[in-house]
There are 2 protein chains.
Amino acid sequence: MPRPTTPLLSQAGIRAAALEIIDRDGLDGLSMRKLATALGVSAPALYFHYPTKEQLLDDVAGEIMEKVDVSAFASGWREGLLSWARSYRAALAEHPNIVPFLARGPGQRDASLRRADAIHGGLVGAGWPAREATMIGASTKYLVVGAAMGSFSRGFVDDVQVYLNRYPALVDAHRLREHADAVDRDSFEFALTMFVDGLAARLAQARQASVAPSRDRT
Amino acid sequence: MPRPTTPLLSQAGIRAAALEIIDRDGLDGLSMRKLATALGVSAPALYFHYPTKEQLLDDVAGEIMEKVDVSAFASGWREGLLSWARSYRAALAEHPNIVPFLARGPGQRDASLRRADAIHGGLVGAGWPAREATMIGASTKYLVVGAAMGSFSRGFVDDVQVYLNRYPALVDAHRLREHADAVDRDSFEFALTMFVDGLAARLAQARQASVAPSRDRT
DNA sequence: CGAGAAACCTGACAGCGTTAGTTTTAGGAG
DNA sequence: CTCCTAAAACTAACGCTGTCAGGTTTCTCG
C-alpha cells in the first residue's frame with residue numbers, strides 16, 4: 001500500500017521522533033529502522049525526506065540550537081555573554097545525548113554563522129578588539145561544550161572505601177554522585193563567573209592604559 | 001597456521017595500531033577488521049587480547065592521559081592548575097580524533113582518580129575550600145575538553161571569513177588550517193588566563209574578608 | 001484522461017562488533 | 001621423551017547497521 005492518501009512522514013515529524021529516541025536510548029540507540037518503526041513506516045521511507053542519517057542529526061542539532069539566545073548583547077557585553085552561555089548550556093543539558101554528535105560534523109550551518117556574527121558584533125560594539133572578541137566567543141563555547149560533555153561529577157564511583165584508602169583528598173567526592181547535576185550546574189556557573197570577572201578586569205585595565213598610555217611601573 | 005611460534009599480538013601493539021588508525025582515519029575509521037588487517041591478523045584474534053572494542057578504546061584513551069601532568073601543584077595552585085590544563089590540552093590536541101570518545105566514558109579508571117585526587121589535594125592545600133576546589137577542577141576540565149573538541153572547525157568560523165577577505169589569494173586549506181589551529185590555541189590560553197585571573201581575585205578577596213570580616217563598604 | 005512525479009513498499013548489499021568452534025603450537029608434568 | 005592442557009591464532013557465521021534499487025500505488029497537473 002505505497003503512496004498513502006495523506007503523507008505519513010514529514011521532516012519535522014521525523015526530527016521529533018528521532019530526538020525522542022535519542023533522549024530515551026542515547027545516540028547509539030537511534031537506528032534508522034527503529035526510527036522508522038516508531039513512525040509506523042519502513043526504514044528506506046525516511047530517505048525520501050532525509051538523504052542521510054547525518055543530515056537528519058544535523059537538523060535535529062540545529063533545532064536544539066534554535067533555543068540559544070544571542071539577543072542580550074543590547075544590554076551590554078556582560079549580559080549578552082552570560083545570557084548566551086546560559087541558554088546555550090541549557091539547550092545542551094536538555095538533550096545531553098546529542099552532544100557527542102556535535103563533536104563531529106562541520107556544522108557550520110547558516111544559523112550557526114548568524115549567531116557567531118551576533119556575538120562577535122555584540123562584543124566589538126562594546127569595545128572589545130576584534131581579535132579578542134573572537135577569542136572570547138571561542139572561550140565561552142569551550143566552557144559550554146566542555147560542561148555539556150564533561151559531566152565531571154559522573155566520573156566518580158560510589159564506593160567510599162576506594163577513596164578512604166587510596167585517594168585521601170577525595171573522601172567527600174563520593175557524595176558528588178548524588179547531586180551530580182547540581183554540581184555540574186554550579187561548576188559551570190562558577191567557571192562562567194570567574195571567566196567574565198577576568199574579562200571585566202582586563203577590559204578595565206585596557207581602558208585605563210589607553211587613557212594614560214605607556215607608563216609602566218608607576 | 002594458528003598459534004604461531006612467537007605471539008603476533010600484544011595489548012601495547014594493538015593499542016599503538018589502533019591509535020594510528022584513529023589519528024589517520026578518524027574514530028569512525030577504526031574497525032576491528034581494519035585494525036586486524038593492519039596487524040596482519042584476523043579480526044577475532046583481537047578479542048583474545050581485548051574483550052571489546054570499547055575496552056580497547058578505553059585503554060588507548062588512558063595511555064594518552066598518561067602524559068597529563070599534575071605534579072606542579074607543589075609550586076602553587078596557580079602553577080599546578082596551569083600546568084595541568086596545558087598538558088591536558090596538549091595531550092588531547094595531539095590526538096583530536098579520540099576526543100569524541102571521551103565524551104562517553106566516565107573515565108573512572110584508577111589513573112584518572114589518582115589525577116583527580118592530586119588536583120583536589122593541591123587546591124585545598126593552597127587554601128581553597130573543598131567545594132570550590134571541586135568546581136575549579138570541573139571548570140578547568142570543561143575548558144580543556146571544550147577546547148579539544150575543536151571549536152574552530154565546529155563553530156566560530158567568522159574569523160575564517162575575515163581571513164579569506166583579507167587574503168583572497170590564499171584560499172589554501174593548509175594555511176587556513178594553520179590559522180585555525182593558532183586561533184584555537186590562543187583562545188584556549190586566553191580563556192585559561194581569564195579564568196585563573198578571576199580565581200586569583202576571588203581568593204585574594206576571600207582572604208581579605210577573613211582578616212577583616214563583615215565589613216562591607218569601607 | 002493520461003503522464004509523471006510523489007511517497008511509500010520489499011529485498012538486498014556491504015560492513016560492523018562479536019561469538020562459536022576448530023586448529024596448531026608452546027610449555028610444563030610424569 | 002611423551003602427553004596434556006592452555007594459548008593464540010584461524011574460518012564461519014549471526015544479527016545489526018546505513019543505504020541503494022526497483023516495484024507499486026496514488027496524487028497532481030496539463
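Note on naming: letters A, B, ... go to the chains in the order of the sequence lines (proteins, then strands), and numbering restarts at 1 for each one.
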Please confirm whether the backbone N or O of [Y] pairs with a side-chain atom of [X], one donor and one acceptor, at under 3.5 Å?
X	Y	answer
A/S187	B/S139	no
A/R115	A/M65	yes
B/S87	B/W84	yes

- Task: Applying side-chain contact (heavy atoms from CB on, under 4.5 Å), run through B/L57 and B/L30 and close with a yes or a no.
- Result: CA-CA 10 Å; B/L57 286 173; B/L30 176 74; 4.0 Å; yes
- So salt bridge (Lys or Arg N to Asp or Glu O under 4.0 Å) across residues 4-16 of chain A, not counting sequence neighbours, yields A/R15-A/D59, A/R15-A/E63
- Residue pairs, two or more places apart or on separate chains, that pass salt bridge (Lys or Arg N to Asp or Glu O under 4.0 Å) and touch residues 69-92 of chain B: B/R78-B/D197, B/R86-B/E189
To the nearest 0.5 Å, what is the distance between [atom1] on [X] and [atom2] on [Y]?
X	Y	atom1	atom2	answer
B/W128	B/L199	CH2	CG	4.5 Å
A/L123	A/E132	CG	CD	10.5 Å
A/L9	A/Y50	CG	OH	11.5 Å

- Look at the side-chain N and O atoms of B/S42 and state whether any lies under 4.0 Å from the OP1 or OP2 oxygen of D/dA9. no
- Message: For D/dC27 and A/T5 - does any side-chain N or O of the residue sit under 4.0 Å from the phosphate oxygens OP1/OP2?
- Response: yes
Can you tell me how far [atom2] of [N] sits from [atom1] of [X], to the nearest Å?
X	N	atom1	atom2	result
A/Y50	C/dA7	OH	P	14 Å
B/L46	D/dT11	CG	P	13 Å
B/L35	C/dC16	CG	C1'	14 Å
A/K34	D/dG15	NZ	P	18 Å

Output a table of donor-acceptor pairs, distance under 3.5 Å, between side-chain atoms of residues 17-26 of chain B and any protein atom two or more places apart or on a different chain; print 'none' if there are none.
{"from": "B/D23", "atom 1": "OD1", "to": "B/H95", "atom 2": "ND1", "distance (Å)": "3.0"}
{"from": "B/D23", "atom 1": "OD2", "to": "B/H95", "atom 2": "ND1", "distance (Å)": "2.8"}
{"from": "B/D25", "atom 1": "OD2", "to": "B/K34", "atom 2": "NZ", "distance (Å)": "3.1"}

- Message: Base, sugar-phosphate or nothing for B/L30? Non-hydrogen atoms, less than 4.0 Å.
- Response: sugar-phosphate
Identify each atom pair where a protein N or O and an N or O of nucleotides 19-22 of chain D are less than 3.5 Å apart, giving names and distance.
{"from": "D/dT19", "atom 1": "OP1", "to": "A/T52", "atom 2": "OG1", "distance (Å)": "2.4"}
{"from": "D/dT19", "atom 1": "OP2", "to": "A/Y47", "atom 2": "OH", "distance (Å)": "2.5"}
{"from": "D/dT19", "atom 1": "OP2", "to": "A/K53", "atom 2": "N", "distance (Å)": "2.8"}
{"from": "D/dT19", "atom 1": "O5'", "to": "A/Y47", "atom 2": "OH", "distance (Å)": "3.2"}

- Item | Residue that, paired with B/W77, satisfies side-chain contact (heavy atoms from CB on, under 4.5 Å) out of B/V124, B/V196, B/I136, B/I119 | B/V196
Produce the list of close N/O pairs, under 3.5 Å, pairing protein atoms with atoms of nucleotides 6-8 of chain D; give distances to one decimal.
{"from": "D/dA7", "atom 1": "N3", "to": "B/R3", "atom 2": "NE", "distance (Å)": "2.9"}
{"from": "D/dA8", "atom 1": "N3", "to": "B/R3", "atom 2": "N", "distance (Å)": "3.4"}

Between the protein and nucleotides 2-5 of chain D, list every N/O to N/O distance that falls short of 3.5 Å.
none

